[in-house]
There are 2 protein chains.
Amino acid sequence: MKDLNLNKRSIPPVTINRLCLYHRCLEKITEQKDSLFSPYISSSEISHLTGINPAQIRKDLAYFGEFGLRGIGYPARELQLELKKILGLDKVWSVIIVGAGNLGSALLGYEGFKRRGFLIKAIFDRDRSKIGRRIHNLRISSIDKMEEFIKEEHIDIGILVVPAESAQEVANIMVKSGIKAIINFAPLRLSLPPEIKVNNVDLSIEFEGLTYHLKMC
Amino acid sequence: MKDLNLNKRSIPPVTINRLCLYHRCLEKITEQKDSLFSPYISSSEISHLTGINPAQIRKDLAYFGEFGLRGIGYPARELQLELKKILGLDKVWSVIIVGAGNLGSALLGYEGFKRRGFLIKAIFDRDRSKIGRRIHNLRISSIDKMEEFIKEEHIDIGILVVPAESAQEVANIMVKSGIKAIINFAPLRLSLPPEIKVNNVDLSIEFEGLTYHLKMC
DNA sequence: TAGATTGTTAATCGATTAACAATC
DNA sequence: TAGATTGTTAATCGATTAACAATC
């Protein structure tokens, strides 16, 4: 009965994103233990911290089990660890970055990844003048080495930070080599087999969507 | 009658994002004129290019007017220019970046902004050791100068790339100084007056949301 | 005229929120 | 027992898609 809920297909994608939010918020709370009068936290308290409706929170959590105690709330630390497991953040993931431009280098330099279990194993580029240079203590490799590297190192996630023109081509090689998920920063929709999980991050839309609201001010 | 549609409040926020998509796709199409047999493009052609349902496309466009000809399609170039105007991309916008870390520097270096009418006027940081250094031909300024700068230069948009701890504080100063919109890369929900347009870009969620799907593979 | 495609209404789908019995 | 809060169902809301009359 409860197992039906664990069937991934029935869970709204936005729920997963909110789960990340709850996890982050609980992590913050449980780290500063002193300020925690009770080890329990209610959905309305989480609501205050995240801005998400308490009924929404309870429903999101209920997809994955019964974590709370009626009349009491959720055991904060326990729930945090539970969410960590659900989100797969208790594991270590191998990541490569393709594209050693401004954004690729910035992502490589982001310290938060390691703490979250994302290990950046290599950065690739096509540009001969970049190959061999070091950024953030990692040598830029030729993209020709990518296929072999993904296979040998069992890379899970590829971060695509190349120009739109080459994104599809690079993504195809990634998939062929056995990558399971791609975070795509190139402004185009990739056509890939459905078993590959793709997250598109379109920074230009963040900017262009803003000016619509600004233009009559 | 048609004016009612122009009432912003009635337009779904996702429509604006899709409008950016259509605009980008039409821009690409109309630039390579030669490949354009007809100057008209149908909603189903746009659908093939963007992956968005043709009925959705017609509905999104209809919020803003009647741009098409029944039986023919939409005049591609005309529609592109119309969308550019609707999105406010025919104007020039003054932008500042706050936070000269990895991501801040990367955004500063992104050439695409200028082409889209986003002029980055300054980059600020609190770190004494960074102030005065130059990145991408712009001198890093002390954050103490931000308030005055926003006022004098009539800055429209602030890009917030500071640690979560200082984000709210910096955002408050931005708003006090007259900024109208903020793109927030810090992983927290800012509390700001409702007339300020905020776009949150939460890169960690892009990563953490992925591993949920990966964990049973 | 016949074929094509828009603009718009109606039907469908999915996600959010309210309400409340269960229960600590 | 009275008060609080969950888990879950039902009601609401909003967004997507299908269908079709209008019309080029």
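Everything numeric in this text was worked out from a predicted model, so none of it was measured. Worth knowing before you read on, the calculation uses all heavy atoms, side chains too, and leaves out hydrogens, waters and symmetry mates. In the text below, chain A, chain B and the rest are named by the order of the sequence lines, each starting its count at 1.
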Mind calculating the distance between [atom1] ([X]) and [atom2] ([N]) to the nearest angstrom?
| X | N | atom1 | atom2 | value |
| --- | --- | --- | --- | --- |
| B:Gln56 | D:dA15 | CD | C1' | 7 Å |
| A:Leu61 | D:dT5 | CG | P | 16 Å |
| A:Tyr74 | C:dC24 | OH | P | 14 Å |
| A:Ile16 | C:dA15 | CD1 | P | 12 Å |
| A:Lys59 | D:dT6 | NZ | C1' | 14 Å |
| B:Tyr40 | D:dC24 | OH | P | 12 Å |
| A:Arg70 | C:dT23 | CZ | P | 6 Å |
| A:Arg18 | C:dT17 | CZ | C1' | 11 Å |

Does a nitrogen or oxygen in the side chain of B:Tyr63 sit under 4.0 Å from OP1 or OP2 of D:dA15? no
Is B:Ser43 close enough to C:dT5 that one of its side-chain N or O atoms is under 4.0 Å from OP1 or OP2 there?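 For C:dT5, OP1/OP2 do not have a side-chain N/O of B:Ser43 under 4.0 Å.
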Among [options], the one nearest [X] by side-chain distance:
| X | options | value |
| --- | --- | --- |
| B:Ala55 | D:dA18, C:dT16, C:dT6 | D:dA18 |
| B:Glu66 | D:dA15, C:dG7, C:dT16 | C:dG7 |
| B:Asn53 | D:dT16, C:dT17, D:dA18 | D:dA18 |

Are any of the side-chain nitrogens in B:Lys151 or B:Glu147 under 4.0 Å away from the carboxylate oxygens of its partner?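 Salt bridge flag = yes for B:Glu147 with B:Lys151.
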Considering only NZ, NE, NH1 and NH2 on the basic side and carboxylate oxygens on the acidic side, decide whether A:Lys84 and A:Asp90 come within less than 4.0 Å.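 No, A:Lys84 and A:Asp90 are not salt-bridged.
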Once you apply the 3.5 Å cut-off to both distances, tell me the Watson-Crick or G-U wobble partner of D:dC24, or none. C:dG3
Any strand counts, and the cut-off is 3.5 Å on both contacts for Watson-Crick or G-U wobble. Which nucleotide pairs with C:dA10?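 In the structure as shown, C:dA10 has D:dT17 as its Watson-Crick or wobble partner.
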Closest non-hydrogen atom pair between B:Ile57 and B:Ser43, with its separation: CD1-O, 3.5 Å
Using only modelled atom types and a 3.5 angstrom limit, is any donor from either the side chain of B:Arg58 or the base of C:dG7 paired with an acceptor on the other?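 Yes.
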Backbone N/O of B:Ser42 and side chain of B:Glu45: donor-acceptor pair under 3.5 Å: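 It does hold such a pair.
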Residue from B:Leu83, B:Leu49, B:Ile52 passing side-chain contact (heavy atoms from CB on, under 4.5 Å) with B:Cys25: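 Only match with B:Cys25 under side-chain contact (heavy atoms from CB on, under 4.5 Å): B:Leu49.
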